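These notes are about the structure you will find just below.
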Amino acid sequence: MRNTVVCLLMLVAVAAGAQPRLVRHGSSARVSVDGQPMLILGGELSNSAATCTADIDEVMPRMASLGLNTVLVPAQWDLTEPVEGQFDFTLIDRTLLKARENGLKVIFLWFGAWKNSMSCYAPEWVKTDTKRFPRSMTAMGKPLEIASVFSKNVLEADGRAFERLMRHIADVDREHHTVVMMQVENEIGMLEDARDHSPEADRLFGGRVPSDLMTYLKKHKASLHPRMAKRFRPKDGTWTEVFGDDLYTDEIFMAYYYARYVNRLAERARAISDMPLYVNAAMNSRGRQPGEYPSAGPLAHLKDVWHCGAPLIDLLAPDIYDTGFKGWAEQYALPDNPLFIPESRCCENSGVRALYTMGEYDAVGFSPFAIDQAPESDTRHVTQAYGLLRQLAPVLNRPVDKTPRWGLLFDEDDKERVIADGDLALTCRHFFTLPWDPRATDGSRWPEGGAVVVRIAPREYLVAGSGVVVTFQTATEKQQTEAKVLGEDGFADAGGKGGTTAARRFKGGRVGISHVDEVHLDGEGRPQYVRRENGDQDHQGRHARISVGDYKILHVKLYDY
């Protein structure tokens, strides 16, 4: 039934002119462009990389050469409407032209009323008229460089500019579908204080929790984020009566009004286009409290407030820069929120993180930040990983229940995962757990290893990635396997006692490796032979492996005995 629904949705997209839209299937989703699903293999430009035509002309072909299919580009309010009511879309048009010339899609990031909490991209005519466009205030009465979310004038001016941008894109991109998604504002949130303490904010905070939020939280009580479920008291009352009296109640209050504001912009966009819309979040990491990070943004623990206040937003997306990549991704890969990572630190681990994200969470897409400024030593990993993902796209676009897949991501501290697939156990490890690579013990920090593992047929798998080793066993064999210390030759590190006879009789069957082939995938996702990884390369049939720094797709075929 689910596959039928997906097919119908795709047909609807085609019938409606193949306008870019988000097509959901289960807990995952794809952006559909020209009626076809695409993986967003993205890269976000640094903030000032598209502020003049010369920079746009230079950066777009360079991004195409890195293997991206999508570039995330700021669209700045101050450059779009430098004089109130006078709009200039020169940079937008140049971006679209150069993207098309280089075979790229574009996601525009609306730097409107807020960018990283601050109102630094608001036009000068907004910044200087604080009577008409009031600022947020701290509890001590200090005005902030943050436009007040409670100002109708801020909303009207910001919304009008965003609407004009959306309408312009609809007019000039109608036949090309270069723009595939829009980000509304950027890393919204309060800094210095957890909430605005301006007179209007204080008035609303002293009142009752709006009925729509109460109704939503009651209706979705069974699926609330654990932190919200613990705080929420389902009895009408003031903010402190319903959620408690602390900084996190201040944050919930602000999240509701930020979400409502964003939804007003989304309403203007939806009147023009069904293009996917998302908001991005700066993480609440390192033990920081609300106001020490951008309080009230679309954070995972506030997802219920944002889904209530901004139902027209398709995705709440994390910007991941801190350590613990897997944990941050997991917080956003939810049944009610398909995962999209629009910003991640661009580094030597970006490639394997992209592979992990697509394999483990069937993500909408992935994008390292400031990729235009990153050194080749980092971007080459993105290029190679994206090369694998382009080949894998036809496979990954198949329903997950028909083509099971998993993501691997390892480092020195998290180096093993066992995948249970029916009657098989796949023991997956970091490549440096093998005894013969001197880089594993030279004292340097291990680079991350990662991969996509896909079952394409019974007893057949694709392993696509870098820095991993995978051993295949039956579940019964796995239960009877004892860990052994191996030397650099792969044999026992030292002699033991009692010979080699097992103490217990082995029960059940085993699987062996028929072959491990390095392959390319054709346009339909079918493996095309490159070379056989046999003998020393598969440790005489014991495993499949890809060295750290190499990027390959391996086709593994198993047999029973």
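Just so it is clear, the structure is predicted and the values come from calculations on it, not from any experiment.
Side-chain polar atoms of S148 and D196 form a donor-acceptor pair below 3.5 angstrom. Side-chain contact, D173 with T178: a donor N or O sits under 3.5 Å from an acceptor N or O. Side-chain contact, D304 with H225: no donor N or O sits under 3.5 Å from an acceptor N or O. Side-chain atoms of T53 and R94 form no donor-acceptor pair, as typed in the model, at a separation below 3.5 Å. Counted by atom type alone, H301 and E251 present one or more donor-acceptor pairs between their side chains at under 3.5 Å. Between Y261 and D158, the side chains place a donor N or O and an acceptor N or O closer than 3.5 Å (distance only, hydrogens not considered). Side chain to side chain, D322 and S285 meet the donor-acceptor criterion of an N or O pair below 3.5 Å.
Within 6.0 Å of CG in D246 there are more than 12 heavy atoms belonging to other residues, nucleotides or ligands. K221 NZ: 12 or fewer foreign heavy atoms inside a 6.0 Å radius. Counting non-hydrogen atoms of neighbouring residues, nucleotides and ligands closer than 6.0 angstrom, the CZ atom of R231 exceeds 12 such neighbours.
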- Apply side-chain contact (heavy atoms from CB on, under 4.5 Å) to L72 and E343, showing your working. CA-CA 9 Å; L72 284 70; E343 292 186 39; 5.9 Å; no
- Message: Could you go through E292 and L191, starting from their C-alpha distance and side-chain angles, then the distance that decides it, and tell me whether this counts as side-chain contact (heavy atoms from CB on, under 4.5 Å)?
- Response: CA-CA 6 Å; E292 295 175 338; L191 287 174; over 6 Å; no
- Under the side-chain contact (heavy atoms from CB on, under 4.5 Å) criterion, do F325 and S344 qualify, and how do the steps go? CA-CA 9 Å; F325 180 90; S344 183; 3.7 Å; yes
- Residue pair E241, R233: steps toward the salt bridge (Lys or Arg N to Asp or Glu O under 4.0 Å) verdict: CA-CA 8 Å; E241 289 170 343; R233 303 164 190 166; over 6 Å; no
- Start with the C-alpha gap between E84 and R160, add the side-chain angles, then the distance that decides, and say whether salt bridge (Lys or Arg N to Asp or Glu O under 4.0 Å) holds. CA-CA 10 Å; E84 185 172 8; R160 182 180 63 244; 3.6 Å; yes
- Should D78 and K115 be marked as a salt bridge (Lys or Arg N to Asp or Glu O under 4.0 Å) after you check the CA-CA gap, both sets of side-chain angles, and the distance that decides it? CA-CA 12 Å; D78 57 345; K115 192 271 180 187; over 6 Å; no
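With rounding to the nearest 0.5 angstrom, the CG atom of L316 is 7.0 Å from the OH atom of Y332.
Residues satisfying the salt bridge (Lys or Arg N to Asp or Glu O under 4.0 Å) test with R380, not counting sequence neighbours, are none. Listed by chain and residue number, K142 satisfy the side chain to side chain donor-acceptor pair (under 3.5 Å) test with E192 (two or more places apart in sequence, or in another chain).
Using bins of under 30°, 30° to 60° and over 60° for the plane-to-plane angle, the ring pair Y256/W239 lands in the tilted bin.
Of the possible donor and acceptor atoms, none in the side chain of Y257 sits under 3.5 Å from a partner among the backbone N and O of F150. D88 places no side-chain N or O within 3.5 Å of a backbone atom of T80 that could act as its donor or acceptor partner. Judged purely by atom type and a 3.5 angstrom limit, N153 uses its side chain to pair as donor or acceptor with the backbone of R132. In this structure a side-chain-to-backbone donor-acceptor pair under 3.5 Å is missing from E124 to T128. A donor-acceptor pair under 3.5 Å is formed between the side chain of S367 and the backbone N or O of E44. Of the possible polar contacts, none joining the N349 side chain to the P447 backbone as a donor-acceptor pair under 3.5 Å is found. Judged by distance alone, the side chain of E185 and the main-chain N or O of W114 form a donor-acceptor pair under 3.5 Å. Remark: the backbone N or O of R21 is not paired with any side-chain donor or acceptor of D274 at under 3.5 angstrom. Between the side chain of N263 and the backbone N or O of L312, at least one donor-acceptor pair lies under 3.5 Å. Under a 3.5 Å cut-off, the side chain of K303 and the backbone N or O of P298 do not form any donor-acceptor pair.
For the residue pair I341 and A329, the shortest heavy atom distance occurs at CD1-CB, 4.4 Å. Of all non-hydrogen atoms in G206 and T238, the two that sit nearest each other are O-CG2, 4.0 Å. The nearest pair of heavy atoms linking M275 to R270 is O-NH1, 2.7 Å.
Taking the centre of each ring, F243 and Y248 stay at or above the 6.0 Å mark.
Cation-pi geometry between R195 and F253 is met: under 6.0 angstrom from the ring centre, within 45 degrees of the axis.
At a threshold of 4.0 Å, the pair E163-R167 counts as salt-bridged, since one of the basic side-chain nitrogens sits closer than that to a carboxylate oxygen. A salt bridge links E58 with R62; the closest basic N to acidic carboxylate O contact falls under 4.0 Å.
Taking the side chain as every heavy atom from C-beta outward, W306 and I188 approach each other to under 4.5 Å.
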